[in-house]
There are 2 protein chains.
Amino acid sequence: MTTAAREQVGAKGERTRRQIIVGALQALATGGVAATTTRDIAAGAGVRLATLHYHFESKSALLLAVLEHLIDETTTALREETGDTADIASCIRGSLRAGWRYLTRTLELQIVQYELTLYALRRDDAVGLAGYQYDAYIKVYQDILQGVAGRTGELDAAECADVARFMLAGIDGLLLQELAKPNRTRSSHAIETLIAATQVFASGLSNNRKARKARRPATRG
Amino acid sequence: MTTAAREQVGAKGERTRRQIIVGALQALATGGVAATTTRDIAAGAGVRLATLHYHFESKSALLLAVLEHLIDETTTALREETGDTADIASCIRGSLRAGWRYLTRTLELQIVQYELTLYALRRDDAVGLAGYQYDAYIKVYQDILQGVAGRTGELDAAECADVARFMLAGIDGLLLQELAKPNRTRSSHAIETLIAATQVFASGLSNNRKARKARRPATRG
DNA sequence: GTCTATACGTCGATAGAC
DNA sequence: GTCTATCGACGTATAGAC
């Protein structure tokens, strides 16, 4: 998605464009989306104001490009942060702890991401980007779960997606609480609670699965 | 909190001030915080631009006043929406379903509230308001739970607060998912999952409590 | 005390020279 | 592809009418 929907293809332009996005992200993280002007961004990226508008049709288009960049960075980081595990329960524990570790390391970026997501929701031409974002994050967790479930057979694809959605909702809600009223100790405990709750949810699904199998063995083999 | 920190006390001024806040809320809900100008708000509220700035020191101060108004409205609505219940499990089910019903009825207001909360987080003089907001919502659910727990003895105050925080995180996360990619059916199922998970969490706390009591009966009577 | 008219500096965006 | 110069609209400040 990052390199799609592009107009100019020159190598120089490509470099300048990326330079503006990175500079914009830094400016946005420092002062917030509402307070950051295009002049701030241009100065931070080392280009003139008019140059910025040559590469991006509008401030809006630049902000959405920054959001795409953030989504890519976050999904990549989340995938790399998580290690292999033996069963679903430890996979849930591992990916939630790893995800939380990444988010708390990058709190400023997460605020920008919330700001930009809400910004995208308000633009008719970008509501899809907000939806894409949540699909992408759910898919990260779903893929991680399915990597394990594929071997153990504990959950099918749809069930992994449901568990992933539950995990994302919990971690999202706790992140908002941590941003509004920071308290790492309290949040760490809350994450452990979320881990336990997700494990119960997943094993509930898994048990239903076994029960169905036992009741109607012919339909499965 | 709404009527605190006021300067003018005249009845006329009070009415105008309220009129501006309500007009502002409507304008913000329609166009979003970023796109709403003070001129829009003034026109919508039926006052002159300069009148707006007589009642509010700045656009910032007006936006924060709108956030306070929203917090008050939401906490009141959440308390009224929830009925009495016999035990903690049905209390959790009732308050989560009631809360979700209210939020989905007022999605536009919820977007504005997220926008304004993030806005407050960026202002050094208003970070406290963001924290106050989450404390207020947690207290709503905590009070509802304690009303039941006080009779049944299932949970103490601190445990009610933990359960309340878990509920808020879950509902907050699912609200974000619903806003980013609306799907009422999917969200309703997710809320039922959250209800079940919260009930398991609460009954786990409650069982620990009974186990402690059985192990050390002297310390309790 | 309540409101208005008017003006100021900065914002996002653009035109046209280079 | 980048520059300077400039536009209307924005948030804000204030002197004065009632």
Side-chain angles (χ1 to χ4, degrees), chain A residues 6-25 27-28 30-67 115-116 119-120 122-126, chain B residues 3 5-25 27-28 30-67 115-116 119-120 122-126:
Chain A
R6 293 294 321 290
E7 309 89 43
Q8 54 274 60
V9 283
K12 178 89 171 290
E14 192 64 42
R15 229 182 307 123
T16 308
R17 191 187 147 95
R18 184 152 194 94
Q19 179 182 346
I20 294 173
I21 290 181
V22 173
L25 182 51
L28 293 173
T30 306
V33 173
T36 302
T37 68
T38 48
R39 285 170 171 85
D40 291 339
I41 296 173
V47 301
R48 304 280 167 179
L49 179 57
T51 305
L52 186 151
H53 274 97
Y54 170 76
H55 288 279
F56 297 92
E57 191 187 322
S58 63
K59 183 183 186 183
S60 221
L62 169 55
L63 292 180
L64 297 177
V66 172
L67 179 54
E115 291 174 326
L116 291 177
Y119 182 82
R122 290 293 192 178
R123 297 207 40 100
D124 293 343
D125 58 345
Chain B
T3 53
R6 294 293 322 289
E7 312 87 41
Q8 54 274 57
V9 283
K12 179 86 172 293
E14 192 64 43
R15 227 181 309 124
T16 309
R17 192 187 146 94
R18 186 153 194 92
Q19 179 181 346
I20 293 173
I21 291 182
V22 173
L25 182 51
L28 292 172
T30 306
V33 173
T36 303
T37 69
T38 49
R39 286 170 170 86
D40 291 338
I41 296 173
V47 299
R48 304 280 166 181
L49 178 58
T51 304
L52 186 152
H53 276 98
Y54 168 76
H55 289 280
F56 297 93
E57 192 186 321
S58 63
K59 183 184 185 181
S60 221
L62 169 56
L63 292 180
L64 296 177
V66 172
L67 178 55
E115 289 174 327
L116 291 177
Y119 182 82
R122 289 293 192 178
R123 298 206 41 101
D124 292 345
D125 59 344

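Below, read A as the first sequence line, B as the second, and so on, with proteins coming before strands; counting in each chain starts at 1. When reading the values below, keep in mind they use all heavy atoms of this one structure, side chains included, and skip hydrogens, waters and symmetry mates.
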**OP:** Could you grab the distance from atom CZ of A:Arg122 to atom OG1 of B:Thr36, nearest 0.5 Å is fine?
**Re:** 7.5 Å
Original post:
Say you draw a straight line from CG of B:Leu25 to CG of B:Leu62; how long is it, rounded to the nearest 0.5 Å?
Top reply: 10.0 Å
Subject >> B:Thr51 to B:Ile20 - nearest heavy-atom pair and separation >> reply: O-CD1, 4.4 Å
Original post:
Which of these nucleotides, C:dC11, D:dG11, C:dG1, is closest to any side-chain atom of B:Thr37?
Top reply: D:dG11
Subject >> Strand-adjacent residues in residues 41-53 of chain A, judged by heavy atoms under 4.0 Å from DNA chain D >> reply: A:Arg48, A:Ala50, A:Thr51
Original post:
Looking at residues at least two apart in the chain, or sitting in another chain, which of them share a side-chain contact (heavy atoms from CB on, under 4.5 Å) with A:Thr37?
Top reply: A:Arg39, A:Asp40
Original post:
Whole-Å distance between C:dC3 P and B:Arg17 CZ?
Top reply: 13 Å
Original post:
Can you tell me how far the OG1 atom of B:Thr38 sits from the CG atom of B:Leu63, to the nearest 0.5 Å?
Top reply: 10.0 Å
Subject >> Gap between atoms CD1 and P, on B:Ile20 and C:dT4 respectively (whole Å) >> reply: 10 Å
Original post:
Between CZ of A:Arg15 and NE2 of A:His55, what distance do you get to the nearest 0.5 Å?
Top reply: 10.5 Å
Original post:
Can you tell me if the side-chain N/O atoms of A:Lys59 get under 4.0 Å from OP1 or OP2 in C:dG12?
Top reply: yes
Original post:
Is there a side-chain contact between A:Tyr119 and B:Glu115, using heavy atoms and a 4.5 Å cut-off?
Top reply: no
Original post:
Whole-Å distance between D:dG1 C1' and A:Arg18 CZ?
Top reply: 20 Å
**OP:** Return the value, rounded to whole Å, for the distance between atom CG of B:Asp40 and atom P of D:dT12.
**Re:** 14 Å
**OP:** Assign B:Thr36 to base, sugar-phosphate, or nothing according to its heavy-atom contacts below 4.0 angstrom with the strands shown.
**Re:** sugar-phosphate
**OP:** Compare side-chain N and O positions of B:Tyr54 against OP1 and OP2 of C:dT2 and report whether any pair is under 4.0 Å apart.
**Re:** yes
**OP:** To the nearest 0.5 Å, tell me how far A:Lys59 NZ sits from A:Ile41 CD1.
**Re:** 6.0 Å
Subject >> A:Phe56 CZ - D:dG1 C1' separation (whole Å) >> reply: 14 Å
**OP:** Return the minimal non-hydrogen interatomic distance between A:Gln19 and A:Ala45, and the atom names on each side.
**Re:** NE2-O, 2.6 Å
Original post:
Roughly how bent is the helix from C:dG1-D:dC18 to C:dC18-D:dG1 end to end, in steps of 10 degrees, with each end axis from five pairs?
Top reply: 10°
**OP:** Could you pick out which residue, B:Thr16 or B:Arg39, lies toward the 5' side of DNA chain C when each is mapped onto its nearest nucleotide?
**Re:** B:Thr16
